[in-house]
Structure formats: structure tokens, C-alpha cells
Trainee: 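Pasting a structure below so you can have a look.
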Amino acid sequence: MMNKRMMRQAQQLQNRLAKAQEELEAMSVEGSAGGGVVRVTMTGKQEVTAVAIEPEAAEDIDLLQDLVAAAVNDAFTRTQELAAEKMGAVTGGMNIPGLF
């Protein structure tokens with residue numbers, strides 16, 4: 001049975017997690033491929049907000065498709081790293097399943 005102190009600590013942790021989640025949602029990261037020929041901007045919620053493609057990338061459609069996929073994957077990885085860093089700061093490094 002949780003005492004009042006433990007319940008208060010749990011509520012404080014929940015509040016800090018919610019604040020960190022809001023901050024993540026407001027942040028954005030950029031992933032790139034081909035030395036920056038293709039750049040993808042993604043929010044902390046992992047929504048793509050912008051794609052920038054240099055004109056020379058359009059000369060080879062197969063390559064362009066690969067570069068776009070790589071840039072999206074790079075941005076996605078960066079959002080995961082950002083989330084792990086942000087949430088890790090709140091949880092003190094504890095791994096809480098389903099948190100992010």
C-alpha cells in the first residue's frame with residue numbers, strides 16, 4: 001500500500017514526465033542524407049514538418065528515394081535519442097517500460 005509520501009513522489013514524477021513530453025513535442029530535429037542533399041525536419045512527436053531536396057538529387061529517382069528514406073530514418077533516430085535524453089533526465093536513468 002502506498003503511503004502519502006510515495007503517492008506525492010509518484011505524482012511529482014508524473015508531472016515532470018508530462019512537462020518533458022510537452023517540451024519534446026515542441027522541439028524539432030533535422031535528419032539528412034547524401035551529405036545534406038536531402039534534409040528532413042521532424043518534431044519530437046516524430047511528425048515530418050519539412051523536406052528539403054537539393055536539385056541535383058532529382059537527377060536519379062532511385063537514389064533520391066533512397067536518400068529520402070535515409071534522411072527520414074536519421075531524423076527518426078535523432079528524435080528517439082532526444083526523447084531518451086529528455087526522459088532519462090526526469091527518471092534519473094530508470095527505464096520505465098512504455099514511456100518512450
Trainee: Can you tell me which residue among Arg5, Gln11, Met6 is in a side chain to side chain contact (heavy atoms under 4.5 Å, CB included) with Arg8?
Mentor: Arg5
Trainee: Mind checking side-chain contact (heavy atoms from CB on, under 4.5 Å) for Asp66 and listing every partner two or more places apart, or none if nothing turns up?
Mentor: none
Trainee: Look up atom CE in Met42 and atom CG in Leu82, then write down how far apart they are to the nearest 0.5 Å.
Mentor: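 If we round to the nearest 0.5 Å, Met42:CE and Leu82:CG are 12.0 Å apart.
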Trainee: In chain order, what residues pass the side-chain contact (heavy atoms from CB on, under 4.5 Å) check against Glu23, with sequence neighbours excluded?
Mentor: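 With neighbours one apart ignored, the set is Lys19, Lys86.
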Trainee: So do the side chains of Leu13 and Gln9 get within less than 4.5 Å of each other, counting heavy atoms only?
Mentor: no
Trainee: Excluding sequence neighbours, so at least two apart, what forms side-chain contact (heavy atoms from CB on, under 4.5 Å) with Leu63?
Mentor: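 Once residues adjacent in sequence are excluded, the partners of Leu63 under the side-chain contact (heavy atoms from CB on, under 4.5 Å) criterion are Asp60, Leu67.
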Trainee: Distance check, rounded to the nearest 0.5 Å: Gln14 atom CD versus Met7 atom CE?
Mentor: 11.0 Å
Trainee: Just to verify, what does Ser32 make a side-chain contact (heavy atoms from CB on, under 4.5 Å) with, not counting sequence neighbours?
Mentor: Arg39, Asp74
Trainee: Of all heavy-atom pairs between Ala75 and Val29, which one has the smallest distance, and what is that distance?
Mentor: O-CG2, 3.6 Å
Trainee: What distance do Leu64 atom CG and Glu59 atom CD have between them, rounded to the nearest 0.5 Å?
Mentor: 10.5 Å
Trainee: Which atom names give the shortest non-hydrogen contact between Glu30 and Thr41, and what distance separates them?
Mentor: OE1-OG1, 4.1 Å
Trainee: If you compare all heavy atoms of Glu25 against all heavy atoms of Thr43, which two are closest, and at what distance to 0.1 Å?
Mentor: O-CB, 4.2 Å
Trainee: By side-chain hydrogen bond (donor to acceptor under 3.5 Å, both in side chains), which residues pair with Glu22, not counting sequence neighbours?
Mentor: none
Trainee: For a 4.5 angstrom cut-off between non-hydrogen side-chain atoms, does Gln65 reach Val68?
Mentor: no
Trainee: Quick one, Leu24 and Met87 - any side-chain contact, counting heavy atoms below 4.5 Å?
Mentor: yes
Trainee: Do Gln46 and Gln80 touch side chain to side chain, with heavy atoms closer than 4.5 Å?
Mentor: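 In short, these two side chains touch, coming nearer than 4.5 Å.
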